[in-house]
Number of protein chains: 2
Amino acid sequence: MTVPGPSLSESCAVLQQACDPVTCNNCGIYQLCLPLGLNQADLSLLESIVRRKVVYKRGEILFRPGEPLDYLYAIRSGSVKTYVSTEDGRVQITGFHIAGELLGLSALASRQYSSEARALETISVCKVEISRLDEIVQQMPSIQYQMLRIMSVQIRQDEEQMLLLGKRSAEERLAEYLVGLSRRFSSRNYSGTQFRLSMSRLDIGNYLGIAEETVCRLLSRFQEEGLITTDRRQICLKDIERLGALAHMAVAA
Amino acid sequence: MTVPGPSLSESCAVLQQACDPVTCNNCGIYQLCLPLGLNQADLSLLESIVRRKVVYKRGEILFRPGEPLDYLYAIRSGSVKTYVSTEDGRVQITGFHIAGELLGLSALASRQYSSEARALETISVCKVEISRLDEIVQQMPSIQYQMLRIMSVQIRQDEEQMLLLGKRSAEERLAEYLVGLSRRFSSRNYSGTQFRLSMSRLDIGNYLGIAEETVCRLLSRFQEEGLITTDRRQICLKDIERLGALAHMAVAA
DNA sequence: CAACTTGGTTGACTCAGATCAAAACGCGGC
DNA sequence: GCCGCGTTTTGATCTGAGTCAACCAAGTTG
């Protein structure tokens, strides 16, 4: 369980450029490398094994619960939502995933998804056959450790999301959501203060456990208070400091 | 990523007896084996490496966020709650864990806990040093796969909990909670219809994202309607069928 | 056994946010 | 340009569950 191979930060330095979904027009395999913490040698090996790009149109479904798990998805461009649903049709969005992020690991071991994933806009992904991943793991055992790491991060995020859904006011939820988005964008070399939401108010509300209308009202109020400016889905954060304070950021440590 | 070693069900058959926290008075190492899917050969190997039993009294803390991760915890008897908290002191319980369950995997890869764990009553656990786990993994690579599997289950549970916290009424939450508990108990050979809650109304409310008083009111109502009977923490489910219907059980698949 | 403590129960009141309703906006298609 | 449709915004009203407060039951302690 000691970290094998190159550290994540080392790999990041090497791959940052290649992984940027804007500059990287090659195969989405690079998208897979950053989260998996691979170096360039591993990269070319990986590349020789898998190479499969797919495009989904807005609204199309990548996978659904009950289906056998055949692929891992690395998002090259666009964004995706994942959600679980009750029998009687209510839906809870469990996450939004943007370019450069990895989808499907959560259900890797059980060979079945518990959630459904749907494209929010036209997206491009790299599908990696799980069966081929066997080969990869055999040649690069360190990958398995990295997958543990990713899943552990996922669990941490889910727990924070539980805290949010169980204990926070609507205002705190939305503030936290915006600041969180900002962080994710800036960690991927996009602007952290100005970005376009790929999800509707309805989706945001669903994700945060509040009503569509409440999202609108709060966005309007944030704008009145000079915290943000909005134009439909274009968002500009004017005072991240104060927004973070509103959100009572976050779990200790 | 193919399942190595014995299947989980095979291991279960072998270990079921040994893992029962009532009949098993030996080392809690058995507790570790069931979830990890080990056979008896692995078991004795494991046993030769780790052997560390610890007792915590009610209210004592097993680990807290920010602390370096040194141990994995297999619960031998009693029960434990884990929770995350905001800076300003609000708390969200993320899970209750009963005898036979495993604690600490979620933060394995990042070497740090995000949550805090506290004993609900006097408990007995088997602490496994992570550093020793290295040895184990080297000799039993299949363990790493099993850990993936466990974490994947954890993620699935967390997602269902998110659905519960985001989209369900207080009534549904409590009904689902009771039915879920019933399942867990009966899967460990306890009575699924009659059991003792180790957690207070306050904890239950916190876990479900509702107030203590609401838990009381609902339990009273369930009793009036003949769904359950309660005497303080002793619970008896009279009509699991109808209770399940109330909960709108559960995620498809 | 009287004084405390802790956990559980019940009632009355309040409010954040859901729901209902309707208007305004933006955008692709023709 | 104009139409139709999905999304966003705003307003008015309603309600589930939170909050506050009082009380009870069962241990515990001195």
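Values in this document were obtained by computation on a predicted structure and should not be read as measured data. Note that these values count all heavy atoms, side chains included, but never hydrogens, waters or copies made by symmetry.
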Length of the NZ-C1' vector between A:K167 and C:dG17, whole Å: 17 Å
Contacts of B:T214 that satisfy side chain to side chain donor-acceptor pair (under 3.5 Å) - sequence neighbours left out: none
DNA chain D-proximal residues of residues 225-239 of chain A, any heavy atom under 4.0 Å: A:R233
Contacts of B:S79 that satisfy side-chain contact (heavy atoms from CB on, under 4.5 Å) - sequence neighbours left out: B:I98, B:L120, B:E121, B:S198
Length of the CG-C1' vector between A:L202 and D:dT8, whole Å: 11 Å
Within residues 206-216 of chain B: residues closer than 4.0 Å to DNA chain D (heavy atoms): B:G209, B:I210, B:A211, B:E213, B:T214
Rounded distance [0.5 Å steps], CD in A:Q223 versus SG in A:C236: 10.0 Å
Residues that A:A117 engages under side-chain contact (heavy atoms from CB on, under 4.5 Å), provided they are two or more places apart: A:L62, A:F63, A:V80, A:T82, A:L103
Sequence-distant partners of B:R232, salt bridge (charged side-chain N to carboxylate O under 4.0 Å, His left out), two or more places apart: none
Nucleotide D:dG18, atom P - distance to CD1 of B:I204 in whole Å: 14 Å
Between C:dT9 (C1') and B:E224 (CD): distance, integer Å: 12 Å
Quiz item: A:R201 side-chain donor-acceptor pair to D:dT10 base, under 3.5 Å: no
What side-chain donor-acceptor pairs closer than 3.5 Å can you find for residues 205-213 of chain B, not counting sequence neighbours?
unit_1 : atom_1 : unit_2 : atom_2 : d
B:N206 : OD1    : B:I93  : N      : 2.8
B:N206 : ND2    : B:V91  : O      : 3.0
B:Y207 : OH     : B:Q161 : OE1    : 3.3

Under the side-chain contact (heavy atoms from CB on, under 4.5 Å) test, residues paired with B:E116 that sit two or more places apart: B:I61, B:R64, B:P65, B:Y83, B:R118
With B:R242 via side-chain contact (heavy atoms from CB on, under 4.5 Å) - residues at least two apart: B:L227, B:D239
Atom-pair distance (CD on B:E172; C1' on D:dA17), nearest Å: 14 Å
Cation-pi check, A:K81 onto A:F96 ring (under 6.0 Å, within 45° of axis): no
Between D:dT9 (C1') and A:R221 (CZ): distance, integer Å: 15 Å
base_contact_polar (C:dT19 base, A:R217 side chain, donor-acceptor, <3.5 Å): yes
Partners passing side chain to side chain donor-acceptor pair (under 3.5 Å) against A:S169 (at least two apart in sequence or in another chain): A:E172
Partners passing salt bridge (charged side-chain N to carboxylate O under 4.0 Å, His left out) against A:E225 (at least two apart in sequence or in another chain): A:R221
Among C:dG17, C:dG7, D:dT10, the nucleotide that comes nearest once only the side chain of A:S169 is considered: C:dG17
Whole-Å distance separating the CG atom of B:L218 from the P atom of C:dT10: 12 Å
Nearest-Å distance for atom pair CE/C1', residues A:M199 and D:dT7: 15 Å
Helical bend (five base pairs per end, nearest 10°) for the helix from C:dC1-D:dG30 to C:dC30-D:dG1: 40°
